[in-house]
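Just so it is clear, the model here is predicted, and its values are computed rather than measured. We count ligands from 1, going down the list as the structure has it; atoms in each ligand are counted the same way. Hydrogens, waters and symmetry mates play no part in the numbers below; they use all other heavy atoms, side chains included. The residues of the chain are indexed from 1 along the displayed sequence.
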Amino acid sequence: MQEEEQKQRAFHALVDEDSTQDSSLSQTHKERIQASWYRCEQFGLDHSSRPDFATLPRGTLSDLVDQHRSLLETTENEVLPYYENILSNSACMIVLADRQGHVLNTWGQPRFGSAEEHGLVGGNQWTEMGVGTNAIGTALITGEAIQVGRDEHFLRANRFMVGSASPIYNTKNDLVGVLDISSDAYLPQDHTFGMVKLMSLSVENRLIFSAFQQEHFILSFNTNVVSLDSHWSGILVLDENGTIVSANRRAEVVLARDLALLNINQVFDIEMREIKHHPFSLPMKLIAMGRYQFYVKVIPPVQQIMRVPDFRQRADYVAPSQTETLVMKEKNPPTEKIIKAEKASIKTIPDNVIPLSELQHGDERVERLVRQAHKIMEKDIPILIHGETGAGKEIFVRSLHYHSSRAKEMLVAVNCAAIPAELVESELFGYEKGAFTGAQNRGSIGLIRRAHHGTLFLDEIGEMPMAVQSRLLRVLQERVVTPLGSTEAFPVDIKLISATNRILKDEVKEGRFRQDLYYRISGLNIELPALRERLDKGELIQYLHNRLRKEEPGPPLSDSMVALLVTHPWPGNMRQLAHVLKVGMAMADEEVLEEWHLPDDFFDDLEAVTPSDYSTQSSATGEEEEPLEKLIPRLLSEFKGNVSQTAKSAGVSRNTVYKYAK
Ligand SMILES: Nc1ncnc2c1ncn2[C@@H]1O[C@H](COP(=O)(O)OP(=O)(O)OP(=O)(O)O)[C@@H](O)[C@H]1O
């Protein structure tokens, strides 16, 4: 359990590498600045040196601009407009530089002096060697995003500004440029840093789309369905066969592996043919690496859409004039019909929501907590759910929401661990026109107000940054949300459900979670038991198996298989069970599900917990066990290379056969 928690923390640290602002991270930043200053000394600079911009002649600059046309256009036409509402009139300057630090273009009007004074101008080169520690030059050397505060600049001449820069990588993972926001120190700097990182991610994502969207499938994935279209989603590019031909940096960080040329079925529990047949607008919930759950959206190749046969040739084609009348008719259905439809939609629980009555199958403890939570949904009392990862917290919350009087309104699920720390605040509370900059813009309503009259589910609440905790506390006390940069307070009526797999009381003791907020959110405390602790394990396994068989036909479960599944420790809980069943059912096709159909990690877990409890058939009969390295090659040659028969006969998975095959 402890190990699992550690793994979880490591995973979340990866999912949001920027989420912690603890001393170890600021230490890393300090070290980076120190290393840069050391380099500057080696370059022979001293603090009073004048910046040497090695300005390019005009002709050379226009050649450089031509070479970087696609990068410049992507930034200028496709990325900056999205940030206009936050950055315009902000008295900051956005700078795009090439991989040698040459400024290619700038946007905005900084408050700090003229171009001659600040030097952020087309053709000037911002390297550490010429200009000392600076955001652009230091990001180029380290290959990572960095914010350089006024006094962190090596040269005194540059200490009038704060620079936030983030490198841009192309689809081949080569560093091709740097995006920088420079301003005097009056902007909220955390936010500016978050923004420049997002902008560079967004340029990278656009470069991927321009390069691949014509002929490839593009998968975007995130831990949170609401954030699927955001720039911090992972992106994978797949060819016809499901081979990953490109990915953004976020995908590699989140999945913590080199993805090049893997097949999609080695990353997610899905085959390419299923991806092709999945309705494209509908996000899927998939498991990565057998354990971690993501929402995944598929964007099909543009050319494929165009290859669809001309619809006018279809027999059921209705000419436009007729269509219009049909639509008009539908627009005015009889009142009775509307009332019926409304009633039906209120009563209908979406397919992916498990009815409350099916959440438990005879475990009294679970039955009691389901009953309590259902009741409390109608009271003004927040619910806090604690449970191991994969225990079914989110499934439980969805079920609660759709069985409450708030079912017609939105359930807004926010995974606090999946949003970069600098942006959690504006995502949750929204921001007013020109919140950060005094600019004219449309602002954003924020996730809390989106859940007005509905349910707000704050998953992984233990990961919420301290500053955001204080703001959330005020919202819960005063029941109003004041968007960033606004003086207006908007009343909110939300049912708050929070979930965590940390022990929040310990987090309070360690000073990582506000005590007052803890008491505010934990009106009803629910401990969702781990799968291994549940008394209705057998029934639950059969229930989940039946549910999966409704989605896709699969083999039946024998009693001995249920008995084996019941003995498993299930560190990944319901999520792992669903994965093991899915893999097993796919491997078994229409045969009866047997041990050797199950994935390897199932047996790894068994061996790790109770090596002596789990024994193969031969050891159960007391016979001397033949080591796998001998048994597998022998059986393989006996069965003339047939992997399935070998696996079946040895009582191991196919992967194990491959491992020991010589
Ligand atoms: N009661 C249930 N019946 C059937 N399947 C379930 C149930 N609970 C969970 N599952 C399965 O387990 C998966 C994980 O569940 P869920 O996302 O609710 O876990 P969680 O506790 O919120 O996990 P995490 O803490 O990692 O966010 C679901 O996608 C579903 O496949």
Return yes or no for this condition: an N or O of G392 is under 3.5 Å from an N or O of ligand 1. yes
Heavy-atom contacts with D459 under 4.0 Å: which atoms of ligand 1 show up? List them by number with element. 27 (O)
Suppose I only count heavy atoms of L359 and a 4.0 Å limit; which atoms of ligand 1 are within that range? 1 (N)
Is ligand 1 under 4.0 Å from a heavy atom in the side chain of E358, in the backbone, in both, or in neither? neither
I'd like to know whether ligand 1 has G387 as a neighbour, heavy-atom separation below 4.0 Å. no
Would you say the side-chain atoms of S200 and S166 include a donor-acceptor pair closer than 3.5 Å? yes
Nearest candidate to atom 29 (O) of ligand 1, where distance is taken over non-hydrogen atoms, out of R575, Q293, K393, R547: Q293
Under 3.5 Å: N/O of Y543 near N/O of ligand 1: no
Student check: side-chain heavy atoms of L356 and R371 closer than 4.5 Å: no
Which residue, R575, Q293, E460, forms the side-chain hydrogen bond (donor to acceptor under 3.5 Å, both in side chains) with T389? R575
Nearest non-hydrogen contact to atom 30 (C) of ligand 1 from the set I395, L581, N415 belongs to I395
Numbering as shown, the atoms of ligand 1 that approach L544 to under 4.0 Å (heavy-atom distance): 4 (C), 5 (N)
Counting from 1, what ligand 1 atoms have a heavy atom of I354 closer than 4.0 Å? 2 (C), 3 (N), 4 (C), 5 (N)
For R532, is there an ion pair with E388 - N to carboxylate O distance below 4.0 angstrom? yes
Less than 3.5 Å between some nitrogen or oxygen of A391 and one of ligand 1, yes or no? yes
For a quick check under 3.5 Å, do N248 and E204 share a side-chain donor-acceptor pair by atom type? no
Does a side-chain N-to-carboxylate-O contact under 4.0 Å join D363 and R365? no
What residues form a ring-ring contact (aromatic ring centres under 6.0 Å, His included) with Y519, not counting sequence neighbours? none
Those residues at least two apart in sequence (or on a different chain) that pass ring-ring contact (aromatic ring centres under 6.0 Å, His included) with F429 are none
